[in-house]
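These notes concern the structure reproduced below.
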Amino acid sequence: RRIVFSGIQPTGTPHLGNFLGALQNWVKLQQDASADDTLLFSIVGWHSLTLPQDPKQLSIARRDLLAALLAIGLDPKRSIIFHQDENPYHTQLSWVFSCITPVGKLRRMTTWKSRLATSRNANDESEVDESMLNTGLFTYPVLQAADILLYKATHVPVGEDQKQHIELARDIGDIFNRQFRNTFPLPEYIATTTRRVLSLKDPTSKMSKSSPDMSSRILLTDTEKEIRKKIRGAVTDSTAGITYDPVNRLGAANLLTILAACTEEDVLEVAKRYETKGHGDLKNDVADAVVALLEKPRTEFERLRGEQDYLAQVALEGAEKATAYSARTMQEVRKAIGLL
Ligand code: TYM
């Protein structure tokens with residue numbers, strides 16, 4: 001019996017990286033699930049506060065994300081779809097975990113290290129300055145571990161960038177099990193076949209919701225025209241012919257990755273077809289594939305956005321189910337640590 005848990009931050013409209021790296025896999029897992037599997041998909045509002053958010057925007061993005069999750073095919077009858085911030089146990093368990101997690105483990109998180117690197121570049125200082133970063137950014141993987149373990153999840157489908165956080169969740173579960181009582185199964189990371197989807201403008205970094213350059217990412221809500229324009233403007237190199245070289249030819253490799261993900265082929269097979277073709281041909285075909293992939297989710301998203309009562313109902317039921325489901329774990333934890 002599998003208990004699948006995953007989450008996504010409501011920091012903006014989901015992009016192609018979220019879709020190919022994670023969301024598409026959630027829908028597949030839902031399709032393949034057997035009757036006694038449990039699937040939980042969470043919109044992780046608390047996590048989004050680690051970076052400054054405009055409250056008005058956040059509240060819209062939070063609702064829109066629920067619409068987007070339903071639009072791509074998640075079904076509230078088969079999966080528990082809910083807002084993390086509507087189940088109070090997440091932050092409670094997170095506190096318990098932060099009291100057993102060594103600081104050194106969090107310092108090793110690459111997400112934290114890259115934050116430090118960014119702030120260092122901005123200031124042009126050689127000394128790393130932690131005082132500029134908030135505590136939430138540092139402890140966010142602990143909250144993530146709580147999200148997962150609260151439901152005793154066995155499988156966590158996420159993109160490659162989150163793998164280290166799942167390993168940390170295993171570590172924290174293991175520490176708790178040893179220190180108190182065997183309570184948590186150790187969750188497994190489920191990889192998607194898709195690699196990291198990279199920024200269209202700077203393929204040395206991942207496609208991200210937080211990049212200020214809108215042309216660097218394709219949104220689930222982009223029109224056909226916008227999609228084509230962004231892909232035409234994607235950064236590639238000037239070498240003739242196409243090869244899949246994710247070290248030296250990042251831009252082309254990213255387009256091949258996207259195309260292979262859309263058509264569910266092996267990326268090397270796809271690359272072979274373009275050996276003698278140019279970047280223009282590749283871009284045209286990538287645009288066609290992405291337009292086709294996102295067409296249905298986009299129309300469904302626009303429709304659902306007009307159904308606010310229905311969305312509120314789904315959120316309410318999801319929160320009730322998630323809270324009821326996790327109450328038992330929290331009770332066990334309280335008993336184990338002596339706070340009952
Ligand atoms: P978030 O909101 O950044 O991303 C949601 C999912 O999308 C994947 N992803 C990508 N995959 C491929 N290429 C990209 N460019 C790309 N960008 C994002 C992410 O791997 C993720 O699966 N900390 C998490 C949210 C979270 C969570 C959890 C996940 C909180 N609690 C518990 C799983 C279990 C995050 O910030 O994801």
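Ligands are counted one by one from 1 in listed order, and the atoms in each one are counted from 1 as well. Please read all numbers here as calculations on a predicted model, not as lab measurements.
- Here the rule is side chain to side chain contact (heavy atoms under 4.5 Å, CB included) with Leu200, and of Thr236, Ile218, Leu16 only Ile218 fits it.
- In this view, Tyr310 satisfies the ring pair (Phe, Tyr, Trp, His ring centres under 6.0 Å) rule with no residue, not counting sequence neighbours.
- A salt bridge links Glu302 to Arg305: one of the charged nitrogens lies within less than 4.0 Å of a carboxylate oxygen.
- When all heavy atoms are compared, the tightest approach of Met207 to Gly17 is SD-N, 3.6 Å.
- Protein residues with a heavy atom closer than 4.0 Å to ligand 1 are Phe5, Ser6, Gly7, Ile8, Gln9, His15, Gly17, Asn18, Gly21, Ala22, Val44, His47, Tyr140, Gln144, Asp147, Ile148, Val156, Val158, Gly159, Asp161, Gln162, Arg196, Val197, Lys206, Met207, Lys209, listed by chain and number.
- Among residues two or more places apart in sequence or in another chain, the salt bridge (charged side-chain N to carboxylate O under 4.0 Å, His left out) test is passed with Asp245 by none.
- Partners of Phe184 according to the ring pair (Phe, Tyr, Trp, His ring centres under 6.0 Å) rule, which considers only residues two or more places apart in sequence or in another chain, are Phe97, Phe176.
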